[in-house]
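Remarks on the structure that follows.
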Amino acid sequence: MGITRPRNYELGNSGVMRFSATRMYRKRAVYRLKKKGGDKKQPEKKSAEVKKKQIGGDKNGGTRLVRVNRPPKSYQTAEVSRKLKNKKGCFSKHKRNLRTTITPGTVLILLAGRHKGKRVVFLKQLNSGLLLVTGPFRLNGCPLRRVNQIYVIATKTKVDISKISIPDRVNDAYFRRKVLKKPKHAEGEIFEQKKEVYSVSDERKEDQLTVDKSVLEAIRAHPEKKLLFGYLGAMFSLNNRQYPHKMIF
Amino acid sequence: MQFKRFIEIGRVAYIAYGPSKGKLIVIVDVIDQNRVLVDGPCTAVKRQAVNIKQLHLTKFVIKMPYGLRTGLIKKIWEKEEIEKKWAKTVWAKKIASKKLRENLSDFDRFKLMKMKQARNRLINTEFGNLKKKTPRVPIKKRKPNKVIHEKKIKIKGM
């Protein structure tokens, strides 16, 4: 026999498959194979439902079988409304996926946000599922930053950042937006009031320096370091007749 | 224009599209105006009927009788070193370079761009030096042709 083709196929170029997941599950009938072979779980021993009880009195037969757990005496007549269960759980417990092409040290191309078009180095995935990324700041002005992986192109280029240590405080809470205070109308004069302006905190500057130092060292260790420096500093762009869906990154 | 490459028995052709796209075959038999029987024992193409529209003809022709068996075709093919000759052609080189370009990664593309810049810089400086060395030939100014000019005016006035 030749190579067996997959039974499921795409309808046109629509991205929709002919058979749904459930139908393929039925068709493939893997569950049947599992039943035949595989390790069979031994059924758990049920605790005895009934118990023999000595009964006193002459005409009571001596013993009687009595239920261990008695059924409730009364049942509710009306159904109580219940909350539906959420299988996924809350956001913090969601399963995080990372594209296989993205590994620590991968050079990514940012596609959205104010740093779009820049090539940055991926450091690690945070608990929220967002990617921690740095320019390094000195090369292209992209600081330590969180990015969603859907707004990113993963390239084949990688920097060996196995020796890098990222400060523990750099987590999701670290990147939360700070609420800036607005001036109240009642106090003081209108024109003297100042809005609180966002400024980069000292700890961020410090972390940026420490992380970037080690990242830059890692880049220096790359065999084509000179070009890599230029590469990370340059913006990504498309020329004529370059179709991103047909390109390899 | 005179055609030089024909659909003929023994003609080596390149399959432009379809399942065995990009492979070399040889025409074994002509079935009708649209289809030919082809075989490519050295390029993993089974003996089959193929629409002529799929075929781009190369300049190579193998001398062989029509309907030759696969094994014998293989022998002749190897003896003639068709694939070696094919690799030397500009056509094949273009295909190879195209494939190479397609497989470049983003970093490779960047490196290519940098190398091109370096090359162009060399060429331009050299060109500039040559330009400096060669004396400038003054461009002669053409005198306006009076006669024609007058004629034009006359015609306008008429």
Side-chain angles (χ1 to χ4, degrees), chain A residues 2-3 5 9 99-103 105-111 116-122 133 135 139-140 151-161 218-249, chain B residues 14-23 25 37-51 53-54 56 69-71 73-74 90-125:
Chain A
I3 305 158
R5 279 187 199 163
Y9 55 90
R99 244 183 286 161
T100 49
T101 43
I102 304 177
T103 54
T106 308
V107 175
L108 307 174
I109 300 168
L110 301 184
L111 298 176
K116 60 185 158 204
K118 283 179 185 175
R119 292 162 176 134
V120 296
V121 179
F122 167 62
V133 133
L139 290 186
N140 51 28
Y151 297 117
V152 134
I153 296 175
T155 68
K156 282 181 168 182
T157 320
K158 285 193 169 70
V159 182
D160 181 25
I161 59 159
I219 296 169
R220 250 171 238 133
H222 195 268
E224 290 170 303
K225 58 173 180 179
K226 224 178 180 183
L227 283 162
L228 195 60
F229 270 111
Y231 176 61
L232 285 168
M235 297 279 275
F236 169 76
S237 64
L238 289 169
N239 287 335
N240 279 348
R241 289 191 173 191
Q242 281 189 328
Y243 308 112
H245 56 284
K246 284 181 181 171
M247 276 155 62
I248 291 169
F249 292 91
Chain B
Y14 175 85
I15 299 183
Y17 60 88
S20 40
K21 178 186 172 185
K23 284 175 177 169
I25 46 89
L37 185 68
V38 304
D39 205 346
C42 294
T43 50
V45 180
K46 272 187 184 174
R47 201 179 178 93
Q48 59 186 291
V50 155
N51 198 320
K53 283 174 192 165
Q54 289 184 28
H56 289 182
R69 279 181 294 159
T70 310
I73 291 174
K74 195 180 178 187
V90 180
W91 184 1
K93 277 176 192 168
K94 266 189 186 172
I95 290 169
S97 74
K98 206 179 174 187
K99 209 179 174 187
L100 199 70
R101 261 167 198 275
E102 271 177 4
N103 288 326
L104 286 186
S105 74
D106 191 44
F107 187 36
D108 291 333
R109 253 173 266 132
F110 177 79
K111 282 190 274 187
L112 181 71
M113 186 260 283
K114 282 281 162 194
M115 277 182 227
K116 267 189 176 176
Q117 277 180 352
R119 185 186 64 182
N120 285 342
R121 213 170 287 137
L122 284 178
I123 292 171
N124 285 338
T125 46

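Keep in mind that what you see is a predicted model, and the values were worked out from it rather than measured. We name chains A, B, ... by the order of the sequence lines, and we start the count at 1 in each one.
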> Does atom OH of A:Tyr151 have more than 12 heavy-atom neighbours, drawn from other residues, nucleotides or ligands, at distances under 6.0 Å?
Replying inline: no
> Once you round to the nearest 0.5 Å, how far does CZ of B:Phe110 lie from OG1 of A:Thr155?
Replying inline: 12.5 Å
> So, is the end of the B:Arg109 side chain (NZ or CZ) under 6.0 Å from the ring centre of A:Phe249 and within 45° of the ring's axis?
Replying inline: yes
>> Can you tell me if B:Lys114 has over 12 outside heavy atoms packed within less than 6.0 Å of its NZ?
In response: no
>> Counting only heavy atoms not in B:Lys74 (residues, nucleotides, ligands), do more than 12 fall under 6.0 Å from its NZ?
In response: no
>> Can you confirm whether more than 12 heavy atoms, excluding those of A:Arg220, are under 6.0 Å from its CZ atom?
In response: yes
> What part of A:Ile153 gets closer than 4.5 Å to chain B, counting heavy atoms only: side chain, backbone, both or neither?
Replying inline: neither
>> Using every non-hydrogen atom in the two residues, find where A:Tyr231 and B:Asp106 come nearest and quote the distance to one decimal.
In response: OH-OD2, 2.7 Å
>> Does any backbone or side-chain atom of B:Phe107 lie under 4.5 Å from a heavy atom of chain A? Answer side chain, backbone, both or neither.
In response: both
>> Surrounding CZ of B:Arg101 (heavy atoms of other residues, nucleotides or ligands, distance under 6.0 Å), is the total greater than 12?
In response: no
> Which heavy-atom pair separates A:Ile248 from B:Glu102 by the least distance, and what is that distance?
Replying inline: CD1-O, 3.6 Å
